[in-house]
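A quick note: this is a predicted structure, and the numbers were derived from the prediction, not measured. Position 1 is the first residue of the sequence, and the numbers go up from there.
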Amino acid sequence: MITYSINIDRVEKDLYQLAKFGFNEKDKGIYRQGFTDPDWESRLWLMEYFESYGLKVQMDGAGNVCARLEPEGGESQPTIIIASHLDSVPAGGIFDGTLGVVAGLECIRIIQENNIPFRYPIEIIATSEEEGRFGGMLGAQALTGSLTLGWLENAKDPTGEKITDAMAKYGLDYHQALHAVRAPETIKAFLELHIEQGPVLEASKKTIGVVEGISGVFKWLIKFIGKADHAGTAPMNLRSDAFMGLAEFAHEIGRIIEENGTDKTRLTIGRVELKPGYAHTVPGQAEFTLVGRDMSEEVMKDVSDSCRKALSAIARRHRLMFEYEQMSWLEPKACSQYVMDVIEKNTQELGYSYQLMPSGAGHDAQFFSDITPTGMIFIPSVGGVSHAPDEWSHWSDVEKGCNVLLNSLLTIQHDNAEGKA
């Protein structure tokens, strides 16, 4: 079978163009959180850009930007979706999410320029609010039927802003997000190219990661509530110091993973706020996030139970009240063996080094795995860095990842045309 190559110069240009939306000159980071002005502006720009290539473009009720290329007479056929997200974390990098969107467009450009025949429609989707500002992955959840009215009406970001209000700022009626759902029979397969966001591929000197599955993840918002006191007059043994509770729990994380987790378990305290937050006052309240991950939902449950017990015991020892809210719980997902085989086969034919590996981070693909054959391709992240201004992947690796995506897409078109699984 003929192999095709993408135009890396075009991909590089597109990624730099998208990086302008939300770029901060001071720290060189991208600030394009879901349903903010930079995020919205990037979506409107992308819709016009897609249209310039003759694609059928729409934005659905969840804010997903969808661009479709139809084969002759293929309108009624199920589509092959290539997708990733446009939004970023605060002070993010230029590759996370956007690479998968730009790579999908480049696949379509190569097909158009080379008049490559294809049977099934191809759809590129730039999903909305994947980075979890509001505790979920709105775009992918909406598309796969995982969204509920109750979640929409209660989801809020760490500052307390509701997702319904954030969507309304840009003319989106949150009820319409529930109409973005795609029926499984309308999708033939789902592909996503992404940077690894970790050090494994670089350390093993491999170019391509064939993703076997995506780690489950839970997110909690936790509060220790004690008593604010004067830092000079309150005796150490009579304090209800909320920070001391937080510090002790942080120290317990290693033990919890050792006793209840696996080598794939991750527990992270990523955000902390102390109140009243004054140097000469004992903290009366500590509010913090806890994010847990593992490839086994049973392990996730064991670890979360252990965290609850530890938090409760620590609260008693330090004379604190303990509260927590589960912001989200996403179960682990396995990728399709068929799609994994396609990706592996094309990587071999292109002569690239690779390895099979899990994804420790959550992705849009985990929701699509419930309704259609799903696969992911990773490329190395320099130094394992992501979610930071110095996130980087070498252009040679970007090119190879895009080539694997393109040729895997064409293989699925060919296989399915022959009636294969």
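- Looking at S393, its side chain never comes within 3.5 Å of a backbone N or O of V398 through a donor-acceptor pair.
- Side-chain atoms of T233 and D229, non-hydrogen and from C-beta on, never get closer than 4.5 Å to each other.
- Checking side-chain atoms of T164 against main-chain N and O of E153 turns up no donor-acceptor pair under 3.5 Å.
- T372 places no side-chain N or O within 3.5 Å of a backbone atom of F190 that could act as its donor or acceptor partner.
- Between the side chain of E12 and the backbone N or O of I8 there is no donor-acceptor pair closer than 3.5 Å.
- Scanning both residues, A126 and L46, for their nearest heavy atoms gives CB-CD2, 3.6 Å.
- Two residues are said to be in side-chain contact when any heavy atoms from C-beta on lie closer than 4.5 Å; L143 and F367 fail this criterion.
- Residues T281 and P276 share a closest heavy-atom pair of CG2-CG, 3.7 Å.
- Panel note: side chain D87, backbone E131; a donor-acceptor pair is recorded below 3.5 Å.
- The shortest non-hydrogen separation linking V299 to T265 is CG1-OG1, 3.8 Å.
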*Apply salt bridge (Lys or Arg N to Asp or Glu O under 4.0 Å) to the pair R109 and E106, showing each step before the final yes or no.*
CA-CA 5 Å; R109 289 186 293 218; E106 179 61 13; 2.8 Å; yes

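- Between the side chain of E391 and the backbone N or O of D96, at least one donor-acceptor pair lies under 3.5 Å.
- D364 has its side chain within reach of H85: a pair of non-hydrogen atoms, C-beta onward, lies under 4.5 Å apart.
- The neighbour count for H175 NE2, taken as heavy atoms of other residues, nucleotides or ligands under 6.0 Å away, is above 12.
- Under the 6.0 Å cut-off for aromatic ring centres, F368 and H363 do not qualify, their centroids lying 6.0 Å or more apart.
- Residues S386 and Q197 come closest through the heavy atom pair OG-NE2, 3.0 Å.
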*Audit row: H230, H280, ring-ring contact (aromatic ring centres under 6.0 Å, His included) steps and yes/no*: CA-CA 6 Å; H230 193 290; H280 297 284; 7.7 Å; no

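- Although no hydrogens or angles enter the test, the distance criterion places no donor-acceptor pair under 3.5 Å between the side chain of T79 and the main chain of I81.
- Judged by distance alone, the side chain of Q176 and the main-chain N or O of A62 form no donor-acceptor pair under 3.5 Å.
- In summary, of the residues considered (E297, R293, Q366, M300), a side chain to side chain contact (heavy atoms under 4.5 Å, CB included) with L330 occurs for Q366 alone.
- Taking the six-membered ring where tryptophan is involved, the planes of Y53 and Y49 are perpendicular, since the angle between them exceeds 60° and thus also 30°.
- The number of heavy-atom neighbours closer than 6.0 Å to NZ of K13, taken from other residues, nucleotides and ligands shown, is 12 or below.
- Within the 3.5 Å criterion, the main-chain N or O of D294 finds no donor-acceptor partner in the side chain of R266.
- For the residue pair N407 / T3, no side-chain donor-acceptor distance below 3.5 Å is found, with atom types taken as modelled.
- Side-chain rings of F95 and W392 approach one another, their centers coming within less than 6.0 Å.
- For R32 (side chain) and L86 (main-chain N/O), a donor-acceptor pair under 3.5 Å exists by modelled atom type.
- Under the 4.5 Å side-chain criterion, counting only non-hydrogen atoms from C-beta, Q17 is in contact with W45.
- Every residue two or more places apart in sequence or in another chain was checked for a side-chain hydrogen bond (donor to acceptor under 3.5 Å, both in side chains) with E51, and none qualifies.
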